Amino acid sequence: MPDGDANADSKRMQVLLRRFEIPLLQFATRITGDRERARDVVQETFVKFQNNGAFQSPEPATWLFTVCRNGALNVCRKERRMQYVDEELIEAREAGRQPMPFERLEEQEATGFLLKIVATLPPRQQEVLQLKFQNDLSYQQIAEITKTTANNVGVLIHTALKTLRQKYANAAKDFVPFTPRTTNEA
Amino acid sequence: MNIDDPRLTAYALDELDEAERAEIAHEAAVSAETQREVQETQTMARRLREDFAAELQHPASVVKAPLSANLSDIRDDPWFWSIARPLAVAAVIAAFAVIGLAIFGGYKLQQNKIAQASRHPTNLPLAAPSEIEAEMASPMIALRQPAAAQPEFREDFSRDGDIRTHNGKSNTADYGLFIENPFLAALDNPLSTFSIDVDTASYSIVQRFINNGTLPPKDAVRVEEMINYFTYDYPKPTADEPFSINVDVASCPWEQAHRLVRVGLKGREIAQDKRGTSNLVFLLDVSGSMTPAERLPLVKQAMRLLVEKLSEKDRVAIVVYAGASGLALPSTTGEHKEQILSALESLQAGGSTNGAEGIQLAYKVAEDNFIKGGVNRVILATDGDFNVGVTSQGELIRLIEEKAKSGVFLSVLGVGDDNLKDSTMQKLADKGNGNYAYLDSLDEARRVLVQQMNGTLVTIAKDVKIQVEFNPARVASYRLIGYEKRLLRKEDFNNDKIDAGEIGAGHTVTALFEVVPVGANANPAANLPSVDPLKYGTYSTNATQGDQRSTSSEMLTVKLRYKKPDGDKSELIERAVVDDGKQFANASADFKFAAAVAEFGMLLRNSEFKGSGTPGAVLGWAEEGKGKDANGYRAGFLQLVRKAQALKRG
């Protein structure tokens, strides 16, 4: 029974945090391939969001995903020529990059069979699929976020779905569902 | 039309403008191939949505400790923003720090803030920046600042004097985040599938928070564990079934137009003396963090209670784990109680924890002394701070999962507060064919280990799954209350490879559904966004019948699958239910009480589904539902609600 006397802005911010935090993290994780960095990116996204007043906008989703995506891509770019950070940090990050056994398990838990196939698609396709089917954004919104045209989004999704249907049909023969509660590795 | 036209996909996903939509609709009407293409695209889209949604439903895999709870608390703090706003660099550092805080110190701050807020209606400055920085010296930051000392920040936060439970240590309790089940349309989602649960830890944790003068963090409140903390008076099963299924329906007290459905299971009781011989291995955490009185000393007292109840043939071994793991007592029969008790007595806390080795050893001892047809169980007592050696949560869980195949069951007893890995322990118990209880006092230990000894020790059915099928002709939408962490896919119900919960002897398990009957005025929270009717009928796997709404008067059917404790093949029980229109006022005492507990949980979570309920109303229902209350637990609940009410007012 938390008290409800927070002002409207802070309420709205909280609602938005709750609504978008996990989807954004999942989105940034798929881009960076690293949860820790994804966390940083999402954190920065929310800080920017708060500061520039964008959270007042009636449609925050596009804004959030755009900034989050830029941040995640920046991280990826920087990583490739990251010599100036002290070695300790790099080491720690390198260590963090290799999936720990528990991460693999967790991933298996959280990831449906279909998402395993999604992971084999080209990054651009993965990205639009996630925006479309996890976040229910329109072609137009996705186009804005990924800086392309709605037509192109349509082609990406169309191609991705084709490939998925095909691979899914092939794989479904020996399908064992991945769920949190599988006791047999079979 | 070329089936490789992206517009077809866009059409299937409803992304076309009116003109193009009409064009393709026309195309689809005449071409079977186009029709099939659209249908298959939609099927794939639905699967994708489900799997992507499932990914969000298991946010633990994305983020071990979610930012939002902590971030939103900190956000209002003037200090935080005065630094963060002007300086981009500072923002990044803050981001880092907040994340560290979220992971390693998160809810303590939250908890203290709640406590503060309840005392001071206006915003107090939190603490001096240096202290916050110090607090944020999580391992992640410490990597860069190895010199960062363990600060005594606690002093300042607890200045008002009401939080004394933390002993100045960094608080790393970890309650996995989850999102409440929404209302689902019965037409689209007629099946609700989940694993049963007899864990009760959440209630004890909630109780501890409230007794300490703060409201619990939202994610520590798992409504199903609160409901199942209490036993309900369901009829005993008939001789050949391991449990009875009982379903009743009455109006929903927090939403008059809705119906509340209670599904209750009652496990077969086994008399104390009919229990098979026990082979117990106590696996006790004796690491340094276990020193406080409410940890190792409490565990020792609890184990003593249990040992006193054992017969001469029962066996007990004690394995301890800390820096080095070891066998503190080889498997010893109940004839030598003195020996067992003195081994328990001599245990001392010290060192750090390597849970994995201890678990290996404990299961080995249990397997070496395996009693066929008896009770073979490892009882793990810990504050959950597995942090040395090869240990990662996943490895531990994998280990337990592997060990569970040996036929040895697991009980997890959680103690302590500030770094209780609540979600880890819950998971360990789940994977280890076990149960999880949180011991906050000797009374609770007595409840779990003595009064419900057989329920805790003797498993009568395992992998128990419930699937409820709602009749869309009667039910517009429904919501499963709680069990968020126990949902299964509908396909999992008939898949015997899928693990699920266990029922102990005499245990009762209760699940509640809030149901919106067809034609009822739904509460806004139960309002589902409207979806256009499917043009080509339903695409579900049994779609051959199309959309034929059943004319049956039944409201729902409960199906239950379970395996015998040593079986691999599941058995099925079914029960159809007709709603007889009962009013809540005429419902049984147990029904009222379960509803009261559920609503209390939803109020604590500040759930959007809490409806019109208030703490006062909860008290009223619980009072009416108190019944005989032989053990006084229900009276304890009433007290707890009153305390929480006072906190709210504070």
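Remember, it's a predicted structure, so these values are computed and weren't measured experimentally.
Considering every non-hydrogen atom in both B:P6 and A:G154, the closest pair reads CB-O, 4.1 Å. Here the shortest heavy-atom pairing between B:L48 and A:L114 reads N-CD2, 3.6 Å. Counting all heavy atoms, side chain and backbone alike, B:F52 lies closest to A:L129 at CE1-O, 3.9 Å.
Applying the side-chain contact (heavy atoms from CB on, under 4.5 Å) test between A:F133 and each of B:R49, B:M44, B:E50, B:R47 identifies B:R49 as the sole match.
Looking at heavy atoms from C-beta onward, B:D4 lies in side-chain contact with A:K162 at the 4.5 angstrom threshold.
Atom CG of B:D17 sits in a crowded spot, with more than 12 heavy atoms from other residues, nucleotides or ligands closer than 6.0 Å.
Looking at A:N135, neither its backbone nor its side chain comes within 4.5 Å of chain B, counting heavy atoms on both sides. If you measure heavy-atom distances from A:V118 to chain B, the contacts under 4.5 Å come from the side chain alone. In this structure, no portion of A:L156 lies under 4.5 Å from any heavy atom of chain B. Heavy atoms closer than 4.5 Å to chain A are found in both the backbone and the side chain of B:E40.
Annotation: the span from A:L161 atom CG to B:T43 atom OG1 amounts to 11.0 Å, rounded to 0.5 Å. With values rounded to the nearest 0.5 angstrom, A:H158 atom NE2 is found 14.5 Å from B:E15 atom CD.
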